Amino acid sequence: MVRGEMPRLDRTVSFETRAVHLAPRTGTVSPSPPMRFLCFLILALLLPLSAHAASNPFQKIEACRWKADRWNDGDSFHVITGDAGKEIVARIYFVDTPEAETAYRDRIAEQAAYFGITPEQAKDIAHEAAAFTAKQLSKPFTVQTRWHSALGRSALGRVYCIILTAEGRDLNELLVENGLARIYGVRTTLPDGRDSRKYLARLAELEAKAKAAKRGAWRFVK
């Protein structure tokens, strides 16, 4: 995570509707006028949001390239898109790598506490995570994004993304399974339709294995 970021929720909303049928033994029951009005109001509120989610799917951009920049780190970095050659700043969903900048002392302390390590050790992991991401993205990779803003101070702006390496690996999973990121941040339904809760469960499994193997930040834990 880099300059000026504030955690927030992805605005994509999914809805599940259930039809309930009342079958009284005799006669029929019609909704009262207040009930009909309430049902109409709920539908009026939900339909625009549902339409927004359907009209704003992930865009898949292949053959993207990592671009060196002073502010790149493990979870946020400059990218040259493979379609239009446009420079963007990508911020990955779901995970957060430690900060290396001493200006973010409070955030570094929070990140260190997650792993149970010292702030100095967290900064070491920050550098390792940045180098790890740069190596994983040294070959053309795929960006999947809805173009939702991730705030930040870059003049380019930042957008939330899911990143797949040249080998088809999920960068989030790679960072977590190597003990270089905590499970934290903005969530979203996955591009393949998976629910975020199932995906988070998968990340938790990878984190447990990283802890057991003492990888990354977990190597400092006694």
Side-chain angles (χ1 to χ4, degrees), residues 1-11 66-79 87-138 143 145 147-163 165 170-188 196 199-200 202-222:
M1 184 175 290
V2 295
R3 302 163 289 168
E5 180 170 287
M6 293 293 291
R8 69 183 188 90
L9 295 176
D10 189 298
R11 291 191 179 126
W66 180 91
K67 181 183 178 184
D69 186 87
R70 161 72 176 81
W71 296 103
N72 283 352
D73 60 19
D75 60 36
S76 182
F77 40 86
H78 287 242
V79 172
E87 183 175 355
I88 65 172
V89 182
R91 171 62 172 96
I92 54 179
Y93 285 104
F94 291 102
V95 304
D96 178 52
T97 61
E99 308 287 354
E101 298 296 323
T102 55
Y104 302 107
R105 287 189 177 88
D106 290 345
R107 187 158 190 83
I108 293 171
E110 176 190 318
Q111 292 163 333
Y114 179 92
F115 292 104
I117 61 180
T118 68
E120 286 303 316
Q121 290 168 335
K123 285 189 283 186
D124 289 342
I125 296 301
H127 293 298
E128 290 180 27
F132 180 87
T133 291
K135 181 177 180 180
Q136 292 298 319
L137 303 184
S138 60
V143 170
T145 183
W147 300 105
H148 288 178
S149 173
L151 303 181
R153 298 179 184 175
S154 170
L156 295 171
R158 290 193 304 167
V159 292
Y160 285 110
C161 302
I162 297 291
I163 304 291
T165 69
D170 181 332
L171 181 60
N172 293 345
E173 293 186 356
L174 288 170
L175 287 165
V176 171
E177 73 180 18
N178 283 280
L180 299 174
R182 60 174 175 163
I183 303 171
Y184 176 91
V186 172
R187 306 173 183 180
T188 182
S196 64
Y199 184 72
L200 288 169
R202 165 66 176 162
L203 293 179
E205 290 178 3
L206 294 174
E207 182 178 75
K209 292 179 180 178
K211 285 182 182 180
K214 297 288 187 180
R215 288 193 289 264
W218 305 112
R219 72 179 182 268
F220 297 119
V221 179
K222 301 296 185 180

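Model, not experiment: these values are computed from the prediction.
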* Hey, which of Thr97, Thr133, Val89 is the one that makes side chain to side chain contact (heavy atoms under 4.5 Å, CB included) with Ser76? ->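 Checked Thr97, Thr133, Val89 against Ser76; only one passes side chain to side chain contact (heavy atoms under 4.5 Å, CB included): Val89.
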
| field | Residues Asp96 and Arg91 bridged, charged N to O under 4.0 Å | value |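 Looking at Arg91 together with Asp96, the answer is yes, because their closest N to O distance falls below 4.0 Å.
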
* Is any side-chain N of the basic residue among Arg182 and Glu110 closer than 4.0 Å to the acidic one's carboxylate O? ->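 Glu110 and Arg182: salt-bridged.
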
Exercise. Taking all atoms of both residues into account, what is the closest heavy-atom pair of Val176 and Ala210, and its distance?
Worked result: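 For Val176 versus Ala210, the nearest heavy atoms are O-CB, 3.6 Å.
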
Kindly give the heavy-atom pair with the smallest separation between Phe115 and Ala217, and that separation in Å.
->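 Heavy atoms only, the tightest pair is CD2-CB, 3.5 Å.
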
ask   = So which pairs with a foot in residues 204-222 pass salt bridge (charged side-chain N to carboxylate O under 4.0 Å, His left out), sequence neighbours left out?
value =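 Listed by first then second residue: Glu128-Arg219.
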
ask   = By ring pair (Phe, Tyr, Trp, His ring centres under 6.0 Å), which residues pair with Phe132, not counting sequence neighbours?
value =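 Counting only residues at least two positions away or on another chain, Phe132 forms no ring pair (Phe, Tyr, Trp, His ring centres under 6.0 Å).
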
Less than 6.0 angstrom separating the ring centers of Tyr114 and Tyr184, yes or no?
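When the ring centroids of Tyr114 and Tyr184 are compared, they turn out to be at least 6.0 Å apart.
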
When rounded to the nearest 0.5 angstrom, what distance separates CG in Asp170 from CG in Leu203?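 Interatomic distance, Asp170 CG to Leu203 CG, rounded to 0.5 Å: 7.5 Å.
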
Holding to salt bridge (Lys or Arg N to Asp or Glu O under 4.0 Å), I want the full list of residues that pass it with Arg202, two or more places apart in sequence or in another chain.
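Arg202 satisfies salt bridge (Lys or Arg N to Asp or Glu O under 4.0 Å) with Glu173 only.
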
**Asked** Where does the angle between the aromatic ring planes of Tyr160 and Tyr93 fall among parallel (under 30°), tilted (30 to 60°) and perpendicular (over 60°)?
**Response**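 Taking Tyr93 first and then Tyr160, their aromatic rings lie parallel (interplane angle under 30°).
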
*asked:* When you measure from the side chain of Asn178 to the backbone of Gly216, do you find a donor-acceptor pair of N or O atoms at a distance under 3.5 Å?
replied: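 Not a single qualifying donor-acceptor pair exists.
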
